[in-house]
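Inspection log for the structure reproduced underneath, given as structure tokens.
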Amino acid sequence: MTVPIAPAPPTTLVIFGAMGDLTRRLLMPALTNMTRLGMLGADFSVLGIGIEPGDDAALRGALSDFRQQAGSHATPDQDEAWSKLQQHIHYIQGDFTQDAVYDQIKARVSGNAAFYLAVPAKFFGDIVDKLADHDLTREQRNAFRRIAIEKPFGHDLASAQALNARILAKVAETQVYRIDHFLGKETVQNIMTARFANMMIERVWNADCIAHVQITAAETVDVGTRGRFYDATGALRDMVPNHLFQLLAMVAMEPPASFDAEAVRNEKGKVLKAVRRYTPTKARRNGVRGVYTHGRIGERDVAGFTESPDIATDSTTETYVALKLMVDTWRWAGVPFYLRTGKAMAIRDTEVVITFKPVPFAQFHKTAAEMLPPNRLIIQIQPDEGLSMDINIKRPGLEVDTAPIALDFRYADRFDIGAMTGYESLIHDLFAGDQTLFQRADAIEAGWAAVQPFLDIWAEEGAPDPYPAGSLGPDSADALLERDGFHWHSLAPAGNTTP
Ligand code: BG6
């Protein structure tokens, strides 16, 4: 069933960091798609704020140049949408750490406004303070004022709590839209649909039937030009309490009573709060971190992390992390959740793999129950978005013998989701006032609380376990599952899921 999207209410989108990377790479392509699809109201406008000298024409020109360089899906209808969108883009040149620019914003904004902080995290608190102090965040009956904040939201539990407290001292939680771009991905949203629109899935979705869950975000990209940011951040902070925990929450949450934002966010919050908080000893046993060394990814020769630009040569930052987590609820008692993510790996693959328990008894001559491969549901988040299920069938022939096969669905075979950035639905919901796909303060803090024991122990330790660029991560990550009698799902191109 397709539900037509109503255009968003008239809104001024004020973007701090108008000429920055996020605006060019994601926000503008998303707004272009939204223009093409009629998702923006007629009175929509963008007010970009940046330190770079220039005027409206300069901002439009800079964004157009980037579009051309990036060759951003330049189909004729997108070109047309971009020309239309451009007319609604305006610029204020100014320093957002100073008061003057907020006076200018005030003179230009009336009615609904969403302030998008596409700037480094260290400015979040100051910008919100200044917006509030200039009376830009006060909502009126017919005018909302909202703030969209990108990650990283905090650096650890204490800093996330402090940032939430600082922001919520000035604006209400209902005005804050903390973005996790994974929630804009169709396949991530589909986890809830797969679970709650299918009786045969949800009925077996528990510790009675599921042996373990794996959540993987493997990337082939290396640190590239992001050295300064990444050396201070590392794989755990960059990916786990945010993106991977959003996947975990979607997989492990109880069914919400409705799809209202608060109902969904309550359930996600509950499950993140139920992730077991490890003692230092337990964290040491259940966490592995790695760092890539020199290697090859396809045709590409990749320098080791510590030899890369802007990385301290004695850096102990991890580029890979694998964790075994437990979710202490009735539904998930005893079911391990294994999470892994890394840079400079052999294959790009983000997936959730649910492995079911073996059948209790099998009466086949050739295959004992313990020899039957377990059923598996593989939710392929990206690339090659899809869903597949491994089941056993009878091998044709006179003897009763079994064969494992995969039932395989690929989005690309049925739908066109390729041209979207994932930000379209998030921006639409920001304007429409739907917070379902945004993170609430308590969930952010619960995520940090669960990873804090790992941050604490690793802050005291030396170099992570090495793995060559172009491999599947350090051997110690394999050992984390092997001691429980499991193996990582092998990362393979879509449609070619091997046991
Ligand atoms: C970002 C991280 O939040 O997510 C990056 O900072 C990472 O390091 C990226 O590469 C992954 O997102 P996606 O959508 O490319 O899987």
Side-chain angles (χ1 to χ4, degrees), residues 11-27 46-54 59 90-110 112-139 143-181 226 228-233 237-238 241-242 426-427 430 435 438-445 447-448:
T11 307
T12 305
L13 178 65
V14 182
I15 304 180
F16 289 86
M19 294 209 194
D21 187 57
L22 180 81
T23 309
R24 296 159 186 246
R25 237 171 11 88
L26 292 161
L27 300 185
V46 171
L47 185 57
I49 316 295
I51 193 81
E52 299 83 355
L59 176 58
H90 307 281
Y91 188 54
I92 294 182
Q93 192 269 328
D95 179 350
F96 54 66
T97 64
Q98 305 299 317
D99 289 313
V101 81
Y102 296 85
D103 295 329
Q104 292 186 62
I105 297 173
K106 196 148 185 216
R108 302 274 289 272
V109 171
S110 62
N112 298 329
F115 301 99
Y116 202 115
L117 311 193
V119 296
K122 63 179 178 197
F123 297 116
F124 293 166
D126 287 347
I127 294 179
V128 175
D129 279 350
K130 289 206 182 300
L131 285 169
D133 295 347
H134 288 78
D135 201 25
L136 279 157
T137 52
R138 191 156 49 87
E139 300 200 292
F144 64 71
R145 295 298 165 96
R146 300 184 182 134
I147 297 173
I149 305 181
E150 280 285 339
K151 70 177 266 280
F153 198 93
H155 193 68
D156 55 13
L157 177 58
S159 58
Q161 286 169 330
L163 184 56
N164 273 329
R166 183 170 177 188
I167 292 172
L168 295 175
K170 300 283 177 155
V171 292
E173 178 66 46
T174 50
Q175 295 175 271
V176 186
Y177 288 66
R178 298 177 194 80
I179 292 185
D180 184 308
H181 80 274
R226 299 171 78 211
R228 209 176 304 280
F229 160 79
Y230 202 85
D231 200 16
T233 305
R237 289 187 170 93
D238 190 37
N242 32 63
L426 298 177
I427 296 173
L430 166 68
Q435 291 186 299
F438 297 86
Q439 303 194 77
R440 211 168 55 188
D442 58 328
I444 295 258
E445 291 174 18
W448 280 115

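Keep in mind it's a predicted model, so treat the numbers as computed, not measured.
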Rounded distance [0.5 Å steps], [atom1] in [X] versus [atom2] in [Y]:
| X | Y | atom1 | atom2 | value |
| --- | --- | --- | --- | --- |
| I127 | I149 | CD1 | CD1 | 9.5 Å |
| D129 | T137 | CG | OG1 | 10.0 Å |
| D103 | Q98 | CG | CD | 11.5 Å |
| D180 | E150 | CG | CD | 9.0 Å |
| Y177 | I147 | OH | CD1 | 11.0 Å |
| I49 | Q104 | CD1 | CD | 8.0 Å |

Donor-acceptor pair, side chain of [X] and main chain of [Y], under 3.5 angstrom:
| X | Y | answer |
| --- | --- | --- |
| Q435 | V176 | yes |
| R145 | Q175 | no |
| Y91 | P53 | no |
| W448 | F153 | yes |

Is there a side-chain contact between [X] and [Y], using heavy atoms and a 4.5 Å cut-off?
| X | Y | result |
| --- | --- | --- |
| P152 | F229 | yes |
| M19 | R24 | yes |
| V14 | I92 | no |
| I179 | K151 | no |
| R166 | D126 | yes |
| D21 | R226 | no |
| L27 | I427 | yes |

For this session: Check the side chains of R178 and N164 for a donor-acceptor pair under 3.5 angstrom, ignoring hydrogens and angles.
Result: yes
Where [X] and [Y] come nearest, the two heavy atoms and their spacing:
| X | Y | result |
| --- | --- | --- |
| G154 | L163 | N-CD2, 4.2 Å |
| G48 | A18 | CA-CB, 3.4 Å |
| E445 | A160 | OE2-O, 4.2 Å |
| E173 | R440 | OE2-CG, 3.5 Å |
| L430 | A148 | CD2-CB, 4.0 Å |
| T23 | A118 | OG1-CB, 4.1 Å |

For this session: Identify which one of F124, Y102, F123 satisfies the ring pair (Phe, Tyr, Trp, His ring centres under 6.0 Å) criterion when paired with F96.
Result: F123
Exercise. Any idea how F16 and F115 line up, ring-wise: parallel (<30°), tilted (30 to 60°), or perpendicular (>60°)?
Worked result: tilted
Exercise. So, D99 and K130, do they make that salt bridge, N to O below 4.0 Å?
Worked result: yes
For this session: Identify whether the distance between the nearest side-chain nitrogen and carboxylate oxygen of D156 and R237 falls below 4.0 Å.
Result: no
Exercise. Can the positive tip of R146 be found less than 6.0 Å from the middle of the six-membered ring of F144, inside 45° of the ring normal?
Worked result: yes
For this session: For R228, look at atom CZ and say whether over 12 heavy atoms of other residues, nucleotides or ligands are found less than 6.0 Å away.
Result: no
